There are 2 protein chains.
Amino acid sequence: METRFVEKATNAIADKYRLSILMELSRKGSLTSTDIQEMTGLSQPCVSHHVKLLTDSGLVNAQKEGRNLHLTLNKESLQQLSGFLNNLT
Amino acid sequence: METRFVEKATNAIADKYRLSILMELSRKGSLTSTDIQEMTGLSQPCVSHHVKLLTDSGLVNAQKEGRNLHLTLNKESLQQLSGFLNNLT
DNA sequence: ATCAAACATTTAAAAGTTTGAATGTTTTTG
DNA sequence: CAAAAACATTCAAACTTTTAAATGTTTGAT
């Protein structure tokens, strides 16, 4: 089943920095790693780590554009997760 | 905002045992800690710990009935979480 | 070609989580 | 009341996650 996805996706959300990244992606549409560094005050390697967790979970899409990493929400997977939780009720 | 709830709830879900407890609660309607022990093979203290995380998160209701702990899903909070995630998209 | 900017990787320390053994509490049963 | 059943708590070991310093890679500007 999709339980591995649910586990990885909820784990990706379950952190204050990563949750704030998701919310900011939702508000702004897209962000770069540098944007996230400025927004969180975290070190660059730490941001890189959090971004990797988010992209590995499938909740965030990453696309290299020149030397920038262009991050966007993966709406389909967020909706899939939302639907899974709703189906439990 | 509700971000602390989202953090705690997703954290509660983000574990294979706790996710399976939620899914079994969804299927069966209710469980006791002993049911969960049998179902997971985990030790009693470990089950107690996972149950506490689930109830502290607000996703699961616990009610003492004699010496048993009667666990049920908190559907409202699951729907709240589902709605939050859906609103990000 | 040089330099700088953006991001990734490696590594190690600090902090947090998971697990079960031992023990404690409460409730039911004989 | 004694014993057992169900759950909670304390504790310590094993494991995982988070963080940043150091370093590496790639891309763009001069």
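Within every chain, numbering begins at 1; the chains are lettered A, B, ... in the order of the sequence lines, protein sequences first and strands thereafter. Since the structure is predicted, the reported quantities are computational estimates derived from the model, not experimental observations.
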In whole angstroms, how far is the [atom2] atom of [N] from the [atom1] atom of [X]?
| X | N | atom1 | atom2 | value |
| --- | --- | --- | --- | --- |
| A/Q63 | C/dC7 | CD | C1' | 15 Å |
| A/N11 | C/dT17 | CG | P | 12 Å |
| B/K8 | C/dG16 | NZ | P | 15 Å |
| B/D35 | D/dA6 | CG | P | 10 Å |
| B/Y17 | C/dT17 | OH | C1' | 14 Å |
| B/I36 | C/dT19 | CD1 | P | 13 Å |
| B/E65 | D/dA5 | CD | C1' | 16 Å |
| B/D56 | C/dT18 | CG | P | 13 Å |

So which nucleotide from [options] ends up closest to the side chain of [X]?
| X | options | value |
| --- | --- | --- |
| A/L69 | C/dA8, C/dA6, C/dG20 | C/dA8 |
| B/R67 | D/dT9, C/dC7, D/dA6 | D/dA6 |
| A/P45 | D/dA21, D/dG28, D/dC7 | D/dA21 |
| A/S43 | D/dA20, D/dT27, C/dT28 | D/dA20 |
| B/T34 | C/dT10, C/dT19, D/dA6 | D/dA6 |

**Prompt:** Toward the 5' end of DNA chain D, which comes first, A/R18 or A/G66, by nearest nucleotide?
**Reply:** A/R18
**Prompt:** Does A/H50 or B/S33 map to a spot on DNA chain D nearer the 5' end, using the closest nucleotide for each?
**Reply:** B/S33
**Asked** Hey, mind stepping through B/T72 and B/S30 against side chain to side chain donor-acceptor pair (under 3.5 Å) and telling me if it holds?
**Response** CA-CA 5 Å; B/T72 53; B/S30 78; over 6 Å; no
**Message:** Exactly one of B/K75, B/E76, B/Q79 should register a side-chain hydrogen bond (donor to acceptor under 3.5 Å, both in side chains) with A/T89. Which one does?
**Reply:** B/Q79
**Fill in**
Correct closest heavy-atom pair for B/L31 and B/L25 would be N-CD2, 3.6 Å
**Prompt:** So what does B/L53 hit on the nucleic acid, given a heavy-atom distance under 4.0 Å: a base, only sugar-phosphate, or nothing?
**Reply:** sugar-phosphate
**Message:** Does B/S48 reach a base, just sugar-phosphate, or nothing at all? Heavy atoms under 4.0 Å.
**Reply:** base
**Asked** What about A/Q44: does its side chain form a donor-acceptor pair under 3.5 Å with the base of D/dA20?
**Response** no
**Item:** Sub-4.5 Å side-chain heavy-atom contact between A/F84 and B/L85
**Value:** no
**Message:** With clusters defined by side-chain heavy atoms of hydrophobic residues (ILVMFWY) lying less than 4.5 Å apart, directly or transitively, does B/L53 cluster with B/L22?
**Reply:** no
**Prompt:** Is A/T32 near enough to C/dA6 that one of its side-chain N or O atoms lies under 4.0 angstrom from OP1 or OP2?
**Reply:** no
